[in-house]
Structure formats: C-alpha cells, structure tokens
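Just so it is clear, the model here is predicted, and its values are computed rather than measured. The residues of the chain are indexed from 1 along the displayed sequence.
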Amino acid sequence: MTFEIVYSQNNVLHTTEFQAESRESAIQHFKQNQNIQLIKITQIATKRSSLFCKTLSTKELSIVFYQFAILLNAAIPLRNLLESLAQYPHPKVQAMFAHVLRAVQNGQQLCDGFAPFRKELGIGIELIALGEKSGNLPQTLLLFVDFLRNKEQNQKRLLGALAYPIFLFIAIIGALFIIIGFLLPQFESLFMSFNKQLPPLTQFLFSLQILITPLFLTGYAISSCAILFFWVLLRQNETLNRSFDAFLLRIPFIGNLLRAQHLFFYFSTMKILFAAGFVLDNVLDLCTKTCANSALRAQLATIPTYLKQGQTLSDSMQHARVFTPIVLALIAAAQKSGEMEKMLHTAAELYGSESAHKQTQLLALIEPLMTCLMAGVVLLIALGVFLPLWELNAVGTQW
C-alpha cells in the first residue's frame, strides 16, 4: 500500500509518498527518526494495476544502476544526477528517479526514496542503505549491478532449458487443433459418402471435433481465467504461495533442479557481498531475501537464528536442511582456514554445475518424449485417414 506522508523536520514541512504493508508499519518507520514529527498520513488508491504497466527487466535495471554508480563516482552532484535519470526513456525508471528526487529534496535518505519500489529492486534498497551508512555508495551500487547481472544469467539459464520443450509442446497442440478443426471435417464428408462402416480409429478421430465446439472453447476460456486468478491469488496470499513453493520443491527431479538454481544464486550473492567486506549478519539477511522460493527462503531464514545462539556458520546451515554435506564441509573448512570467499565461490560452482547437469538431463528426457508425442499424433491421424481408403481399395480390388 502507498501512503502520502506529511511530516515536519527541523521546523520545515515535507510531503512524500511511502510504500508499506500497513498504516501501522508506515507510522513505525517514520517514528524511528526522532527529528521527524508526523502530521498526516493518507493512503493513496492505486490508479492502475501493475498487470498493465510496462515491466522493468533485470537487464534494464542493471544498465540504469550501472550508469547511476559510474556518474555518482565521477562526483556529479546527486540532485543533477537524479534529474538526469528522471528523463530516462523507460516510464518506470522515470517514475522511480522522479520519486527519489522529490524525496531527496524533502530531506529524506536515498534508500527511503527507493522504498516504494521494493518489488523491482529487492535487496537493492538494503544495499543502498548500507552504502549510505558506509559512505561508499558507488561501490555498493556496483555490487547491486553485479547481483542483477548474476540474476539475469540465472534466469536465462533456466529459461534456455525450458524454452524449446515449451515451444514444441505449444506447436503440437496448435497443429492438433488445426488438423481437427480444418482437415478432418473435409475427410469426414468424403468418407460418409462411401456409405460404409468406418474403422474405430477413424470414428475416434472424428469424435475429437467436440474439442473445438463452443462448449469446449468456453471451458478453455474459463480454465484460463481460473489459472490467471490462481496466479494473482498466489502472489497476494503468502501462505498459499509458500505451500505452492513447497510443493514445487517436492516434485521429483524438478524440485532438485529448482533447489540447485536457488542455492547457486544464494552462494553467488554471498560471494559478492563477502568480497565487498559486508559483515556476516548483513550477508545472510540479504542473501536470504534473494531466494525467490518462499518455502526455501523460510528455511534459509533460520540460519541467523542459530548463529546468534553461538553456533558456527556450518552448524547453523546444517539446521536449515537444504545444503549438501560437501557444501557444509566446505563452509566448515573455510571457517578454519579463513578462506571464506574462495569456499563460497566453490560452493556456488558446485550448485551451478549441478543445476546445469540437471538441465541437460531434463532436456535429454523431454526432447525425445516430445518427439515421440508428435510422432504418435502424426501416426494416429495418418492411420485414421488412410484406413478407410485402404479398405475401400481392398473392396474395389476384390470386385
């Protein structure tokens, strides 16, 4: 939810917009600063659903923040830089930096200005806040760019593994509907003119025309709407989302592939943050937030709890029950040798190679299955069409 906040700071009146889960959390956020006196807080109605907004890709976001980091490192005044980025061609980037510019002009921190865009930035807001506190914001922004590029590569790897099977499946379904809708009706009128009993296979093919009747088309439309509604509900309901994510992790083979993908990204991000000198508590918190699977994220979130109880990092990770024994052994060895960054790199490579191997296995399994499915459909249609012709030819020969 988005709120309009009116507050006083140093006897100066300010107005800004702030996004929070509830009115109480928005009030709590501003009360943390003792120099701020809240005057009015009003919820702003959403004017347009995010489903119809132009999305901001990870690649676009990495380009924008790379420019932001480089220009900021060149000692360009922050306000001039924000004004320049507010003219960026992408509408969401314009809205983002225009909002940040207003927040900075009202005396807020940079991270507070980016707060309403948590959906797009994720852990970027926490990184910006840490960069402001440490006084090394350009370097922290470059870390965020590395994080975005790593995320983009991870997404491309997963989509690359699934693109061909999905395309082939859609092509099979499309070809099947075209044959049933346009080709079979022409053969049906021809075969009916023979006044002979058709083979069962041919009768079955003609019966498939019910799949394109208005009743079935209405059913397809209702099913599509139901799937869309479920997807929106899944994104809004945290309990349902966690249950669905847990179900995905339990699917044979697919669950292991997804887990390897998420943990590869988890350790890759941890390696980047450790290399930048972030403390362990911040690293674990930020890396946990990068996990897109809510069920796995809940398991990873238990690690800092055991760490605060005095247990070692490897023992704390063991309680999460998501890491392989060899990875836990690597972390334990890193604690003794002090080469944590090197071991994190090795752990990321292990999960990366496991993910790539499982993707290769998935393709090796799906491609022949799809090919056999397509061959089966072609054979079914060919036999259904040619069997009556062969029978008619046999009768003509005997005659």
Side-chain angles (χ1 to χ4, degrees), residues 122-123 126-127 143 146-147 149-155 157-158 161 238 241-362:
I123 69 167
E126 281 78 11
L127 287 174
L143 284 178
D146 289 340
F147 164 80
R149 289 173 177 172
N150 199 11
K151 181 179 179 180
E152 182 188 2
Q153 292 176 358
N154 195 37
Q155 290 173 342
R157 183 182 298 179
L158 183 59
E238 184 177 351
N241 187 25
R242 182 176 297 184
S243 300
F244 182 74
D245 285 344
F247 167 75
L248 290 178
L249 294 177
R250 287 195 294 267
I251 299 177
F253 192 84
I254 299 296
N256 291 331
L257 172 60
L258 293 176
R259 187 179 289 104
Q261 282 276 351
H262 291 307
L263 293 179
F264 162 72
F265 193 50
Y266 178 83
F267 279 106
S268 299
T269 307
M270 187 178 289
K271 176 192 66 175
I272 293 173
L273 296 178
F274 257 107
F278 283 87
V279 297
L280 183 59
D281 290 342
N282 290 334
V283 169
L284 292 174
D285 182 55
L286 293 175
C287 290
T288 299
K289 291 179 179 179
T290 64
C291 184
N293 187 288
S294 58
L296 184 58
R297 185 167 63 247
Q299 292 177 283
L300 294 173
T302 62
I303 297 175
T305 304
Y306 291 103
L307 199 63
K308 291 176 181 178
Q309 294 175 1
Q311 298 190 24
T312 63
L313 180 59
S314 58
D315 291 338
S316 301
M317 285 184 166
Q318 189 172 4
H319 287 290
R321 297 181 180 179
V322 295
F323 304 106
T324 58
I326 188 172
V327 169
L328 294 174
L330 283 173
I331 299 299
Q335 293 174 147
K336 296 179 181 178
S337 63
E339 297 182 346
M340 183 62 73
E341 184 182 342
K342 181 179 179 181
M343 292 302 181
L344 290 175
H345 178 73
T346 305
E349 285 188 336
L350 285 174
Y351 281 114
S353 61
E354 180 184 354
S355 174
H357 177 65
K358 290 187 179 301
Q359 286 177 8
T360 303
Q361 287 182 323
L362 183 64

Between [atom1] on residue [X] and [atom2] on residue [Y], distance to nearest 0.5 Å:
| X | Y | atom1 | atom2 | value |
| --- | --- | --- | --- | --- |
| Cys291 | Leu300 | SG | CG | 5.5 Å |
| Leu280 | Cys287 | CG | SG | 9.5 Å |
| Lys308 | Ser316 | NZ | OG | 11.5 Å |

Exercise. For Tyr351, what residues pass the ring-ring contact (aromatic ring centres under 6.0 Å, His included) criterion, not counting sequence neighbours?
Worked result: Phe267
Exercise. Mind checking what makes ring-ring contact (aromatic ring centres under 6.0 Å, His included) contact with Phe265, not counting sequence neighbours?
Worked result: Phe147
Problem set entry | Partner residues of Asp315 under the side-chain hydrogen bond (donor to acceptor under 3.5 Å, both in side chains) criterion, sequence neighbours left out |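 Asp315: side-chain hydrogen bond (donor to acceptor under 3.5 Å, both in side chains) contacts with Thr312.
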For this session: Run the numbers on Leu350 and Glu354 for side chain to side chain contact (heavy atoms under 4.5 Å, CB included), then give the verdict.
Result: CA-CA 6 Å; Leu350 285 174; Glu354 180 184 354; over 6 Å; no
Quiz: residues 243-250 side-chain donor-acceptor pairs under 3.5 angstrom, not counting sequence neighbours:
| from | atom 1 | to | atom 2 | distance (Å) |
| --- | --- | --- | --- | --- |
| Ser243 | OG | Thr239 | O | 3.0 |
| Asp245 | OD2 | Ser294 | N | 2.9 |
| Asp245 | OD2 | Ser294 | OG | 2.7 |

Problem set entry | Partners passing side chain to side chain contact (heavy atoms under 4.5 Å, CB included) against Lys289 (at least two apart in sequence or in another chain) |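 With neighbours one apart ignored, the set is Ile123, Glu126, Asp285.
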Problem set entry | Pairing residues for Asn256 by the side chain to side chain contact (heavy atoms under 4.5 Å, CB included) criterion, not counting sequence neighbours |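 Once residues adjacent in sequence are excluded, the partners of Asn256 under the side chain to side chain contact (heavy atoms under 4.5 Å, CB included) criterion are Arg259, Lys358.
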With sequence neighbours excluded, give me every side-chain hydrogen bond (donor to acceptor under 3.5 Å, both in side chains) pair touching [range].
| range | answer |
| --- | --- |
| residues 269-279 | Lys271-His345 |
| residues 298-307 | none |
| residues 321-343 | Ser314-Gln335 |

Search all heavy atoms of [X] against all heavy atoms of [Y] and return the closest pair with its distance.
| X | Y | value |
| --- | --- | --- |
| Ala295 | Arg242 | CB-O, 3.8 Å |
| Ala320 | Ile303 | CB-CG1, 4.1 Å |
| Phe253 | Gln361 | CE1-OE1, 3.3 Å |

Under 3.5 Å donor-acceptor pairs involving side-chain atoms of residues 325-333, not counting sequence neighbours:
none

For this session: Give a yes-or-no answer on whether the side chains of Gln261 and Ser355 include a donor-acceptor pair shorter than 3.5 Å.
Result: yes
Problem set entry | Val322 and Tyr266: CA distance, side-chain angles, deciding distance, side chain to side chain contact (heavy atoms under 4.5 Å, CB included) verdict | CA-CA 12 Å; Val322 295; Tyr266 178 83; over 6 Å; no
Exercise. How far apart are the C-alpha atoms of Met270 and Leu284, what are their side-chain angles, what is the distance that settles it, and do they pass the side chain to side chain contact (heavy atoms under 4.5 Å, CB included) test?
Worked result: CA-CA 7 Å; Met270 187 178 289; Leu284 292 174; 3.7 Å; yes
For this session: Quick one: list whatever passes salt bridge (charged side-chain N to carboxylate O under 4.0 Å, His left out) with Arg149, sequence neighbours left out.
Result: none
Exercise. Run the side chain to side chain contact (heavy atoms under 4.5 Å, CB included) check on Gln318 and Gln311 step by step: do they pass?
Worked result: CA-CA 11 Å; Gln318 189 172 4; Gln311 298 190 24; over 6 Å; no
